[in-house]
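Since the model is a prediction, treat every value here as computed from it, not as a measurement.
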Amino acid sequence: MTVPHWLFGDQLGPHFAAAGADVPVVMVEARSVFRRRRFHRAKAHLVLSAMRHRAAELGDRVRYVRAETYREGLRTAVGDGPVTVHHPTSYAALRLVQSLPAVSVLPARGFLVPHDDFRAWAGGHGGGRLRQEDFYRWVRRSHGLLMDGDRPAGGRWNHDRDNREPPPKGARTLGAPPPYRPREDGIDEEVRHDLDRWEREGSVSFVGRDGPRRFPASRREALAALRRFVGHRLAGFGPHEDAMLAGDPVMSHSLLSSSLNLGLLDPAECVERAEDAWRAGRAPVGSVEGFVRQVAGWREYVWQLYWYFGEDYRSSNALRHREPLPRWFLELDADAVRARCLGTALAQVRDTGWTHHIPRLMLLGGYALQRGWDPQAVTDWFHRCFVDGYDWVMVPNVVGMSQYADGGRMTTKPYTSGGAYVNRMSDLCGGCAYRPGDRVGERACPYTTGYWAFLHRHRARLERNPRMAQPVRGLDRLADLAEVLRGEAQRGGDPP
(Lines give C-alpha, C1' and ligand atoms only; values in the text may rest on other atoms or scores of the structure.)
Protein backbone atom coordinates (compact mmCIF):
# COMPACT_ATOMS: atom_id res chain seq x y z
CA MET A 1 0.00 0.00 0.00
CA THR A 2 1.36 3.44 -0.99
CA VAL A 3 1.90 5.74 2.00
CA PRO A 4 0.19 9.15 1.60
CA HIS A 5 2.25 12.33 1.69
CA TRP A 6 1.15 15.34 3.77
CA LEU A 7 1.71 18.85 2.41
CA PHE A 8 1.65 21.84 4.73
CA GLY A 9 0.42 25.17 3.39
CA ASP A 10 3.97 26.44 2.82
CA GLN A 11 5.07 23.32 0.92
CA LEU A 12 3.15 23.85 -2.28
CA GLY A 13 5.69 23.52 -5.08
CA PRO A 14 6.62 20.41 -7.05
CA HIS A 15 9.86 19.98 -5.06
CA PHE A 16 7.74 19.10 -1.99
CA ALA A 17 5.64 16.48 -3.73
CA ALA A 18 6.34 12.83 -3.07
CA ALA A 19 8.02 10.96 -5.89
CA GLY A 20 5.66 9.17 -8.19
CA ALA A 21 2.35 10.32 -9.63
CA ASP A 22 0.53 7.50 -7.85
CA VAL A 23 1.41 8.70 -4.32
CA PRO A 24 -1.74 10.11 -2.68
CA VAL A 25 -1.46 13.56 -1.11
CA VAL A 26 -3.09 14.91 2.05
CA MET A 27 -3.71 18.60 2.72
CA VAL A 28 -5.38 20.01 5.85
CA GLU A 29 -6.90 23.48 6.08
CA ALA A 30 -7.03 24.09 9.84
CA ARG A 31 -9.31 26.88 11.03
CA SER A 32 -7.51 26.97 14.39
CA VAL A 33 -4.54 28.66 12.70
CA PHE A 34 -6.66 31.75 12.10
CA ARG A 35 -8.35 31.62 15.51
CA ARG A 36 -5.04 31.70 17.38
CA ARG A 37 -3.62 34.80 15.72
CA ARG A 38 -5.08 37.94 14.22
CA PHE A 39 -3.52 37.73 10.77
CA HIS A 40 -3.57 40.26 8.00
CA ARG A 41 -6.60 39.61 5.84
CA ALA A 42 -4.53 39.62 2.64
CA LYS A 43 -2.17 37.02 4.14
CA ALA A 44 -5.03 34.71 5.10
CA HIS A 45 -6.44 35.11 1.60
CA LEU A 46 -3.10 34.35 -0.06
CA VAL A 47 -2.37 31.23 2.00
CA LEU A 48 -5.84 29.74 1.55
CA SER A 49 -5.90 30.61 -2.14
CA ALA A 50 -2.49 28.99 -2.65
CA MET A 51 -3.53 25.83 -0.81
CA ARG A 52 -6.75 25.50 -2.75
CA HIS A 53 -5.02 26.21 -6.06
CA ARG A 54 -2.54 23.42 -5.28
CA ALA A 55 -5.36 21.05 -4.42
CA ALA A 56 -7.07 21.88 -7.72
CA GLU A 57 -3.84 21.06 -9.57
CA LEU A 58 -3.51 17.71 -7.80
CA GLY A 59 -7.09 16.74 -8.60
CA ASP A 60 -8.14 13.25 -7.55
CA ARG A 61 -4.68 12.59 -6.14
CA VAL A 62 -5.30 14.83 -3.09
CA ARG A 63 -7.51 14.41 -0.04
CA TYR A 64 -8.20 18.02 0.99
CA VAL A 65 -9.74 18.28 4.44
CA ARG A 66 -11.15 21.39 6.09
CA ALA A 67 -11.08 20.88 9.85
CA GLU A 68 -10.73 22.72 13.14
CA THR A 69 -7.19 21.41 13.82
CA TYR A 70 -4.43 19.61 11.96
CA ARG A 71 -4.83 16.53 14.16
CA GLU A 72 -8.53 16.33 13.40
CA GLY A 73 -7.96 16.86 9.67
CA LEU A 74 -5.22 14.25 9.44
CA ARG A 75 -7.35 11.74 11.31
CA THR A 76 -10.19 12.38 8.85
CA ALA A 77 -7.84 11.96 5.88
CA VAL A 78 -5.87 8.84 6.84
CA GLY A 79 -7.24 7.57 10.15
CA ASP A 80 -4.43 5.90 12.08
CA GLY A 81 -2.53 5.01 8.93
CA PRO A 82 1.05 6.07 8.12
CA VAL A 83 1.88 9.30 6.34
CA THR A 84 5.08 11.09 5.31
CA VAL A 85 5.80 14.81 5.53
CA HIS A 86 8.80 17.00 4.82
CA HIS A 87 10.39 18.73 7.81
CA PRO A 88 8.03 21.61 8.71
CA THR A 89 9.14 25.24 8.95
CA SER A 90 8.35 25.99 12.60
CA TYR A 91 9.06 24.45 15.98
CA ALA A 92 5.34 24.20 16.72
CA ALA A 93 4.66 22.27 13.51
CA LEU A 94 7.67 20.04 14.10
CA ARG A 95 6.44 19.18 17.59
CA LEU A 96 3.05 18.33 16.11
CA VAL A 97 4.34 15.91 13.48
CA GLN A 98 6.81 14.32 15.91
CA SER A 99 3.97 13.71 18.37
CA LEU A 100 2.02 11.67 15.80
CA PRO A 101 3.33 8.09 15.84
CA ALA A 102 2.34 7.26 12.26
CA VAL A 103 4.06 10.30 10.70
CA SER A 104 7.51 9.90 9.16
CA VAL A 105 9.43 13.18 8.87
CA LEU A 106 11.54 13.55 5.72
CA PRO A 107 14.40 16.07 5.29
CA ALA A 108 13.55 19.73 4.78
CA ARG A 109 13.17 21.08 1.27
CA GLY A 110 12.90 24.55 -0.19
CA PHE A 111 16.39 25.65 0.91
CA LEU A 112 19.88 25.33 -0.53
CA VAL A 113 21.75 24.04 2.53
CA PRO A 114 20.81 20.91 4.53
CA HIS A 115 20.74 21.34 8.31
CA ASP A 116 23.64 18.92 8.84
CA ASP A 117 25.83 20.83 6.38
CA PHE A 118 25.14 24.09 8.19
CA ARG A 119 25.90 22.57 11.58
CA ALA A 120 29.20 21.27 10.22
CA TRP A 121 30.03 24.73 8.84
CA ALA A 122 29.07 26.42 12.10
CA GLY A 123 31.12 23.91 14.08
CA GLY A 124 34.15 24.84 12.03
CA HIS A 125 33.88 28.37 13.39
CA GLY A 126 34.54 27.28 16.95
CA GLY A 127 31.33 28.64 18.40
CA GLY A 128 32.13 32.26 17.55
CA ARG A 129 29.79 34.70 15.84
CA LEU A 130 28.42 33.16 12.68
CA ARG A 131 28.83 36.06 10.29
CA GLN A 132 26.39 36.23 7.42
CA GLU A 133 29.12 37.34 5.02
CA ASP A 134 31.23 34.24 5.76
CA PHE A 135 28.21 31.99 5.38
CA TYR A 136 27.19 33.66 2.11
CA ARG A 137 30.62 33.17 0.57
CA TRP A 138 30.62 29.54 1.67
CA VAL A 139 27.24 28.99 -0.01
CA ARG A 140 28.48 30.65 -3.20
CA ARG A 141 31.58 28.47 -3.29
CA SER A 142 29.89 25.20 -2.35
CA HIS A 143 27.11 25.67 -4.92
CA GLY A 144 29.28 27.20 -7.64
CA LEU A 145 26.92 30.16 -7.59
CA LEU A 146 27.92 33.34 -9.39
CA MET A 147 31.52 32.15 -9.52
CA ASP A 148 34.29 32.29 -12.13
CA GLY A 149 36.42 29.36 -11.06
CA ASP A 150 37.57 30.09 -7.52
CA ARG A 151 36.81 33.80 -7.82
CA PRO A 152 33.50 35.63 -7.41
CA ALA A 153 31.94 36.71 -10.67
CA GLY A 154 32.76 40.33 -11.38
CA GLY A 155 35.79 40.20 -9.08
CA ARG A 156 33.98 41.08 -5.84
CA TRP A 157 31.95 39.10 -3.35
CA ASN A 158 30.00 42.08 -2.15
CA HIS A 159 28.51 44.90 -4.21
CA ASP A 160 26.75 46.57 -1.28
CA ARG A 161 28.62 49.86 -1.67
CA ASP A 162 27.19 50.20 -5.18
CA ASN A 163 23.72 49.11 -4.08
CA ARG A 164 23.02 51.77 -1.47
CA GLU A 165 22.25 54.77 -3.63
CA PRO A 166 19.53 57.19 -2.60
CA PRO A 167 16.59 57.59 -4.98
CA PRO A 168 17.20 59.77 -8.05
CA LYS A 169 16.86 63.41 -7.05
CA GLY A 170 13.39 64.76 -7.75
CA ALA A 171 12.04 61.40 -8.97
CA ARG A 172 8.60 60.33 -7.77
CA THR A 173 9.14 56.77 -9.04
CA LEU A 174 12.12 54.71 -10.07
CA GLY A 175 10.57 54.17 -13.50
CA ALA A 176 11.00 50.39 -13.39
CA PRO A 177 8.74 48.18 -15.51
CA PRO A 178 5.76 47.09 -13.43
CA PRO A 179 5.90 43.75 -11.60
CA TYR A 180 3.81 40.73 -12.48
CA ARG A 181 0.31 40.90 -11.05
CA PRO A 182 -1.94 37.82 -10.92
CA ARG A 183 -5.59 37.73 -11.92
CA GLU A 184 -8.07 36.50 -9.37
CA ASP A 185 -10.27 33.55 -10.26
CA GLY A 186 -13.12 31.51 -8.82
CA ILE A 187 -10.92 30.10 -6.08
CA ASP A 188 -10.15 33.61 -4.84
CA GLU A 189 -13.85 34.41 -4.89
CA GLU A 190 -14.54 31.33 -2.78
CA VAL A 191 -11.76 32.23 -0.32
CA ARG A 192 -13.03 35.77 0.08
CA HIS A 193 -16.55 34.48 0.65
CA ASP A 194 -15.31 32.10 3.37
CA LEU A 195 -13.25 34.79 5.10
CA ASP A 196 -16.23 37.15 5.08
CA ARG A 197 -18.42 34.44 6.58
CA TRP A 198 -15.89 33.58 9.30
CA GLU A 199 -15.66 37.23 10.30
CA ARG A 200 -19.44 37.61 10.37
CA GLU A 201 -19.70 34.54 12.57
CA GLY A 202 -17.13 36.06 14.92
CA SER A 203 -14.91 32.97 14.79
CA VAL A 204 -11.90 34.86 13.40
CA SER A 205 -10.74 38.46 13.15
CA PHE A 206 -8.26 40.07 10.80
CA VAL A 207 -6.31 43.29 10.40
CA GLY A 208 -5.53 45.09 7.16
CA ARG A 209 -7.27 45.11 3.81
CA ASP A 210 -7.83 42.31 1.33
CA GLY A 211 -7.79 42.61 -2.39
CA PRO A 212 -7.14 42.47 -5.13
CA ARG A 213 -4.62 39.66 -4.59
CA ARG A 214 -1.15 40.96 -5.44
CA PHE A 215 1.02 37.87 -5.01
CA PRO A 216 1.15 34.49 -6.78
CA ALA A 217 -1.03 31.67 -5.44
CA SER A 218 0.04 28.94 -7.86
CA ARG A 219 3.20 27.53 -9.37
CA ARG A 220 2.22 28.94 -12.76
CA GLU A 221 1.77 32.44 -11.37
CA ALA A 222 5.01 32.24 -9.37
CA LEU A 223 7.02 31.24 -12.44
CA ALA A 224 5.45 34.12 -14.37
CA ALA A 225 6.47 36.50 -11.58
CA LEU A 226 10.03 35.12 -11.63
CA ARG A 227 10.27 35.51 -15.41
CA ARG A 228 8.95 39.07 -15.19
CA PHE A 229 11.48 40.04 -12.55
CA VAL A 230 14.51 38.46 -14.19
CA GLY A 231 13.56 39.61 -17.68
CA HIS A 232 12.44 43.17 -16.98
CA ARG A 233 13.30 44.34 -13.45
CA LEU A 234 16.48 42.62 -12.24
CA ALA A 235 18.80 44.88 -14.23
CA GLY A 236 17.66 47.94 -12.27
CA PHE A 237 17.36 46.26 -8.90
CA GLY A 238 20.77 46.71 -7.30
CA PRO A 239 21.65 50.40 -7.04
CA HIS A 240 18.44 51.55 -5.32
CA GLU A 241 17.52 48.44 -3.34
CA ASP A 242 17.85 50.37 -0.04
CA ALA A 243 16.03 53.49 -1.26
CA MET A 244 12.43 54.47 -0.50
CA LEU A 245 9.93 56.52 -2.51
CA ALA A 246 6.48 57.41 -1.22
CA GLY A 247 4.88 56.98 -4.63
CA ASP A 248 6.77 53.81 -5.58
CA PRO A 249 6.76 51.26 -2.75
CA VAL A 250 7.72 48.35 -5.04
CA MET A 251 10.53 50.03 -7.04
CA SER A 252 12.60 47.20 -8.62
CA HIS A 253 12.11 44.64 -5.86
CA SER A 254 11.31 41.11 -6.93
CA LEU A 255 8.13 40.51 -4.86
CA LEU A 256 9.12 36.83 -4.84
CA SER A 257 9.47 36.34 -1.07
CA SER A 258 5.90 35.14 -0.56
CA SER A 259 6.24 32.65 -3.43
CA LEU A 260 9.50 31.31 -2.00
CA ASN A 261 8.03 31.05 1.49
CA LEU A 262 4.89 29.27 0.25
CA GLY A 263 7.18 26.78 -1.50
CA LEU A 264 5.89 27.76 -4.96
CA LEU A 265 9.44 28.62 -6.04
CA ASP A 266 12.68 26.89 -5.17
CA PRO A 267 15.59 29.22 -4.27
CA ALA A 268 17.95 27.36 -6.60
CA GLU A 269 15.88 28.16 -9.68
CA CYS A 270 15.64 31.82 -8.65
CA VAL A 271 19.36 32.43 -8.23
CA GLU A 272 20.28 30.32 -11.24
CA ARG A 273 17.99 32.32 -13.52
CA ALA A 274 19.45 35.54 -12.14
CA GLU A 275 23.00 34.32 -12.83
CA ASP A 276 22.00 33.26 -16.34
CA ALA A 277 20.76 36.82 -16.96
CA TRP A 278 24.16 38.21 -16.00
CA ARG A 279 26.09 35.72 -18.11
CA ALA A 280 23.84 36.54 -21.08
CA GLY A 281 24.54 40.26 -20.61
CA ARG A 282 20.97 41.12 -19.65
CA ALA A 283 21.71 42.35 -16.10
CA PRO A 284 24.77 43.89 -14.40
CA VAL A 285 26.67 41.84 -11.88
CA GLY A 286 25.91 44.27 -9.05
CA SER A 287 22.16 43.84 -9.38
CA VAL A 288 22.44 40.08 -9.75
CA GLU A 289 24.75 39.80 -6.75
CA GLY A 290 22.35 41.90 -4.68
CA PHE A 291 19.47 39.55 -5.49
CA VAL A 292 21.59 36.41 -4.97
CA ARG A 293 22.69 37.80 -1.60
CA GLN A 294 19.05 38.20 -0.53
CA VAL A 295 18.07 34.65 -1.52
CA ALA A 296 21.18 32.48 -1.11
CA GLY A 297 22.71 34.66 1.59
CA TRP A 298 20.23 36.27 3.91
CA ARG A 299 17.16 34.03 3.46
CA GLU A 300 19.26 30.90 3.83
CA TYR A 301 21.13 32.33 6.82
CA VAL A 302 17.92 33.23 8.65
CA TRP A 303 16.43 29.77 8.05
CA GLN A 304 19.53 28.06 9.44
CA LEU A 305 19.88 30.31 12.49
CA TYR A 306 16.23 29.73 13.41
CA TRP A 307 17.01 26.04 13.96
CA TYR A 308 20.63 26.39 15.09
CA PHE A 309 19.93 28.88 17.90
CA GLY A 310 17.08 26.78 19.29
CA GLU A 311 13.54 27.54 20.34
CA ASP A 312 14.51 29.60 23.39
CA TYR A 313 16.09 32.20 21.09
CA ARG A 314 12.67 33.77 20.46
CA SER A 315 12.46 34.87 24.11
CA SER A 316 15.78 36.76 23.99
CA ASN A 317 15.50 40.26 25.44
CA ALA A 318 19.00 41.51 26.15
CA LEU A 319 17.87 45.15 26.18
CA ARG A 320 15.01 44.36 28.59
CA HIS A 321 12.42 46.06 26.42
CA ARG A 322 8.92 45.54 27.88
CA GLU A 323 6.67 48.26 26.46
CA PRO A 324 3.46 46.92 24.83
CA LEU A 325 2.68 47.72 21.23
CA PRO A 326 0.24 50.65 21.09
CA ARG A 327 -3.22 50.13 19.66
CA TRP A 328 -2.65 52.38 16.62
CA PHE A 329 0.26 50.17 15.56
CA LEU A 330 -1.57 46.92 16.20
CA GLU A 331 -4.55 48.12 14.17
CA LEU A 332 -2.38 49.43 11.31
CA ASP A 333 -3.95 52.83 11.82
CA ALA A 334 -1.72 54.75 9.42
CA ASP A 335 -4.14 57.67 9.32
CA ALA A 336 -3.38 58.43 12.97
CA VAL A 337 0.34 58.93 12.20
CA ARG A 338 1.68 62.38 11.28
CA ALA A 339 5.27 61.26 10.63
CA ARG A 340 5.16 60.79 6.86
CA CYS A 341 7.74 58.00 6.66
CA LEU A 342 6.16 55.84 9.35
CA GLY A 343 2.61 56.58 8.16
CA THR A 344 3.54 55.64 4.60
CA ALA A 345 5.13 52.34 5.64
CA LEU A 346 2.24 51.47 7.94
CA ALA A 347 -0.27 52.25 5.17
CA GLN A 348 1.61 49.94 2.82
CA VAL A 349 1.35 47.14 5.36
CA ARG A 350 -2.34 47.88 5.95
CA ASP A 351 -3.17 47.92 2.24
CA THR A 352 -0.94 45.13 0.90
CA GLY A 353 0.69 43.15 3.74
CA TRP A 354 4.10 44.01 2.32
CA THR A 355 6.90 46.56 2.29
CA HIS A 356 10.47 46.02 1.21
CA HIS A 357 13.28 45.37 3.66
CA ILE A 358 14.32 48.95 4.47
CA PRO A 359 10.89 50.18 5.65
CA ARG A 360 10.67 46.97 7.67
CA LEU A 361 14.05 47.39 9.32
CA MET A 362 14.60 51.14 9.57
CA LEU A 363 11.07 52.56 9.81
CA LEU A 364 8.79 49.95 11.41
CA GLY A 365 11.40 47.97 13.32
CA GLY A 366 13.48 51.05 14.08
CA TYR A 367 10.57 52.87 15.65
CA ALA A 368 9.77 49.84 17.84
CA LEU A 369 13.41 49.50 18.92
CA GLN A 370 13.72 53.17 19.86
CA ARG A 371 10.57 53.01 22.00
CA GLY A 372 11.57 49.83 23.82
CA TRP A 373 8.64 47.70 22.66
CA ASP A 374 8.55 44.04 23.72
CA PRO A 375 10.54 42.15 21.04
CA GLN A 376 8.31 39.07 21.24
CA ALA A 377 5.25 41.23 20.55
CA VAL A 378 7.07 42.96 17.68
CA THR A 379 8.01 39.55 16.23
CA ASP A 380 4.41 38.39 16.44
CA TRP A 381 3.22 41.60 14.72
CA PHE A 382 5.58 41.10 11.77
CA HIS A 383 4.61 37.43 11.55
CA ARG A 384 0.90 38.22 11.41
CA CYS A 385 0.94 41.34 9.25
CA PHE A 386 3.24 40.39 6.35
CA VAL A 387 2.21 38.06 3.54
CA ASP A 388 5.69 36.49 3.55
CA GLY A 389 5.93 36.28 7.35
CA TYR A 390 6.47 32.88 8.98
CA ASP A 391 7.92 31.90 12.32
CA TRP A 392 11.30 30.91 10.89
CA VAL A 393 11.47 34.18 8.94
CA MET A 394 10.53 36.60 11.67
CA VAL A 395 12.20 35.21 14.79
CA PRO A 396 15.80 35.79 13.61
CA ASN A 397 14.93 38.84 11.51
CA VAL A 398 13.13 40.66 14.32
CA VAL A 399 14.74 39.29 17.50
CA GLY A 400 18.26 39.37 16.07
CA MET A 401 18.40 41.92 13.27
CA SER A 402 15.64 44.44 13.92
CA GLN A 403 15.33 44.58 17.72
CA TYR A 404 18.87 43.55 18.75
CA ALA A 405 17.18 41.50 21.45
CA ASP A 406 19.89 38.84 21.35
CA GLY A 407 22.50 41.38 22.40
CA GLY A 408 24.63 40.95 19.28
CA ARG A 409 24.56 37.22 18.75
CA MET A 410 23.42 37.67 15.16
CA THR A 411 24.47 41.23 14.21
CA THR A 412 27.34 43.41 15.31
CA LYS A 413 25.26 46.48 16.20
CA PRO A 414 21.69 47.72 16.60
CA TYR A 415 20.14 48.92 13.35
CA THR A 416 18.51 52.25 14.12
CA SER A 417 18.96 55.79 12.89
CA GLY A 418 17.79 59.34 13.16
CA GLY A 419 15.81 61.27 10.60
CA ALA A 420 18.94 62.15 8.60
CA TYR A 421 19.13 58.59 7.24
CA VAL A 422 15.47 58.62 6.20
CA ASN A 423 15.96 62.01 4.54
CA ARG A 424 19.02 60.82 2.63
CA MET A 425 17.51 57.53 1.44
CA SER A 426 13.96 58.66 0.59
CA ASP A 427 11.61 61.45 -0.38
CA LEU A 428 9.54 60.81 2.74
CA CYS A 429 10.68 63.83 4.74
CA GLY A 430 9.28 66.30 2.22
CA GLY A 431 5.87 67.55 3.32
CA CYS A 432 6.20 65.91 6.74
CA ALA A 433 4.94 67.52 9.94
CA TYR A 434 8.44 67.03 11.38
CA ARG A 435 11.94 68.06 10.34
CA PRO A 436 14.66 65.39 10.30
CA GLY A 437 17.26 67.74 11.78
CA ASP A 438 15.13 68.98 14.67
CA ARG A 439 15.68 67.37 18.07
CA VAL A 440 13.41 69.60 20.14
CA GLY A 441 10.26 71.59 19.62
CA GLU A 442 6.98 70.88 17.89
CA ARG A 443 8.68 69.75 14.70
CA ALA A 444 11.25 67.46 16.34
CA CYS A 445 11.56 64.30 14.23
CA PRO A 446 10.47 61.23 16.23
CA TYR A 447 13.27 59.18 14.68
CA THR A 448 15.90 61.75 15.61
CA THR A 449 14.68 62.09 19.20
CA GLY A 450 14.12 58.35 19.44
CA TYR A 451 17.65 57.65 18.21
CA TRP A 452 19.29 59.79 20.91
CA ALA A 453 16.95 58.50 23.61
CA PHE A 454 17.82 54.91 22.62
CA LEU A 455 21.58 55.60 22.78
CA HIS A 456 21.17 57.32 26.15
CA ARG A 457 19.07 54.48 27.60
CA HIS A 458 21.61 51.81 26.60
CA ARG A 459 24.79 53.83 26.81
CA ALA A 460 26.57 51.48 29.23
CA ARG A 461 26.12 48.57 26.85
CA LEU A 462 26.63 50.34 23.54
CA GLU A 463 29.75 52.34 24.40
CA ARG A 464 31.61 49.00 24.66
CA ASN A 465 30.61 48.12 21.10
CA PRO A 466 33.33 49.23 18.63
CA ARG A 467 30.71 50.02 15.96
CA MET A 468 28.61 52.11 18.37
CA ALA A 469 31.23 53.86 20.49
CA GLN A 470 31.47 56.93 18.27
CA PRO A 471 27.69 57.51 18.00
CA VAL A 472 27.38 57.11 21.77
CA ARG A 473 30.08 59.73 22.33
CA GLY A 474 27.87 62.06 20.31
CA LEU A 475 25.56 62.23 23.32
CA ASP A 476 28.18 64.35 25.07
CA ARG A 477 27.93 66.99 22.35
CA LEU A 478 24.18 67.47 22.74
CA ALA A 479 23.61 70.54 24.89
CA ASP A 480 19.86 69.93 24.62
CA LEU A 481 19.91 66.24 25.57
CA ALA A 482 17.75 66.73 28.66
CA GLU A 483 15.13 68.49 26.56
CA VAL A 484 15.31 65.76 23.92
CA LEU A 485 14.67 63.11 26.55
CA ARG A 486 11.77 65.06 28.07
CA GLY A 487 10.13 65.42 24.68
CA GLU A 488 10.55 61.75 23.94
CA ALA A 489 9.09 60.77 27.31
CA GLN A 490 6.07 63.00 26.70
CA ARG A 491 5.38 61.24 23.41
CA GLY A 492 4.75 57.95 25.18
CA GLY A 493 2.72 55.50 23.13
CA ASP A 494 0.86 58.15 21.15
CA PRO A 495 1.20 58.01 17.36
CA PRO A 496 3.97 60.35 16.18
Side-chain angles (χ1 to χ4, degrees), residues 5-21 23-30 33-34 39-66 73 85-86 88-89 109-111 178-195 210-234 250 253-274 295 299 352-354 386-390 393:
H5 185 67
W6 181 10
L7 293 178
F8 275 100
D10 55 359
Q11 300 178 336
L12 302 181
H15 45 294
F16 288 98
V23 176
V25 173
V26 172
M27 297 179 71
V28 178
E29 186 180 298
V33 172
F34 301 105
F39 285 103
H40 198 293
R41 168 77 184 233
K43 178 175 186 172
H45 182 152
L46 177 62
V47 171
L48 291 181
S49 179
M51 290 182 67
R52 295 180 189 183
H53 275 92
R54 182 59 171 144
E57 292 168 357
L58 291 167
D60 293 340
R61 184 180 167 193
V62 67
R63 178 76 190 276
Y64 193 91
V65 179
R66 301 181 189 185
V85 67
H86 283 292
T89 61
R109 288 190 177 175
F111 297 90
Y180 169 82
R181 293 297 189 198
R183 292 182 180 179
E184 292 196 0
D185 57 17
I187 291 177
D188 290 293
E189 184 178 355
E190 178 193 53
V191 167
R192 190 166 283 116
H193 173 80
D194 287 346
L195 296 176
D210 174 22
R213 178 165 59 82
R214 292 170 174 262
F215 301 94
S218 69
R219 170 70 173 171
R220 178 187 60 80
E221 290 181 344
L223 287 173
L226 176 60
R227 287 193 299 270
R228 177 70 179 171
F229 171 68
V230 172
H232 299 276
R233 297 166 54 78
L234 173 60
V250 172
H253 290 271
S254 73
L255 304 185
L256 297 176
S257 55
S258 63
S259 298
L260 280 161
N261 295 350
L262 285 167
L264 296 173
L265 294 175
D266 187 85
E269 65 187 337
C270 294
V271 294
E272 287 166 5
R273 291 193 188 198
V295 177
R299 181 179 185 269
T352 70
W354 182 91
F386 279 81
V387 294
D388 54 8
Y390 293 85
V393 176

Hey, could you give me the [atom1]/[atom2] distance between [X] and [Y], rounded to the nearest 0.5 Å?
X: Phe215; Y: Leu255; atom1: CZ; atom2: CG; answer: 5.5 Å
X: Glu221; Y: Arg213; atom1: CD; atom2: CZ; answer: 4.5 Å
X: Arg273; Y: Leu226; atom1: CZ; atom2: CG; answer: 5.0 Å
X: Arg233; Y: Leu256; atom1: CZ; atom2: CG; answer: 9.5 Å
X: Ser49; Y: Asp188; atom1: OG; atom2: CG; answer: 3.5 Å
X: Leu223; Y: Leu265; atom1: CG; atom2: CG; answer: 6.0 Å

Original post:
Just wondering, more than 12 heavy atoms not from Glu189 lying within 6.0 Å of its CD?
Top reply: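 It does not: Glu189 CD has 12 such atoms or fewer within range.
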**OP:** Please work out which of the three classes, parallel, tilted or perpendicular, describes the rings of Phe34 and Phe39, given edges at 30° and 60°.
**Re:**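 Answer is perpendicular, since the angle exceeds 60°.
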Looking at every non-hydrogen atom in both residues, tell me the closest pair between [X] and [Y] and how far apart they are.
X: Gly110; Y: Asp266; answer: CA-OD1, 4.0 Å
X: Leu264; Y: Pro216; answer: CD1-O, 3.7 Å
X: Val250; Y: Pro179; answer: CG1-CG, 4.1 Å
X: Ala42; Y: Thr352; answer: CB-O, 4.4 Å
X: Ser254; Y: Phe229; answer: CA-CD1, 3.5 Å

For a 4.5 angstrom cut-off between non-hydrogen side-chain atoms, does [X] reach [Y]?
X: Phe386; Y: Ser257; answer: no
X: Trp6; Y: Gln11; answer: no
X: His45; Y: Arg192; answer: yes
X: Tyr390; Y: Leu262; answer: yes
X: Arg52; Y: Tyr64; answer: yes
X: Lys43; Y: Ser258; answer: no
X: Val62; Y: Leu7; answer: no
X: His53; Y: Leu12; answer: no

Would the distance check show the side chain of [X] and the main-chain N or O of [Y] forming a donor-acceptor pair, the cut-off being under 3.5 Å?
X: Arg61; Y: Pro24; result: no
X: Arg181; Y: Arg214; result: yes
X: Arg41; Y: Gly211; result: no

Original post:
Would you call Arg66-Asp194 a salt bridge at under 4.0 Å N-O?
Top reply: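 Looking at Arg66 and Asp194, the cut-off is met.
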**OP:** Identify whether the distance between the nearest side-chain nitrogen and carboxylate oxygen of Arg220 and Glu57 falls below 4.0 Å.
**Re:**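 No salt bridge links Arg220 with Glu57.
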**OP:** Just do the side-chain contact (heavy atoms from CB on, under 4.5 Å) check on Val47 and Val33 with the steps written out, would you?
**Re:** CA-CA 11 Å; Val47 171; Val33 172; over 6 Å; no
**OP:** Please lay out, stage by stage, how Phe111 and Arg299 fare under the test side-chain contact (heavy atoms from CB on, under 4.5 Å).
**Re:** CA-CA 9 Å; Phe111 297 90; Arg299 181 179 185 269; 3.4 Å; yes
Original post:
Step by step, would you call Arg54 with Phe16 a side-chain contact (heavy atoms from CB on, under 4.5 Å)?
Top reply: CA-CA 12 Å; Arg54 182 59 171 144; Phe16 288 98; over 6 Å; no
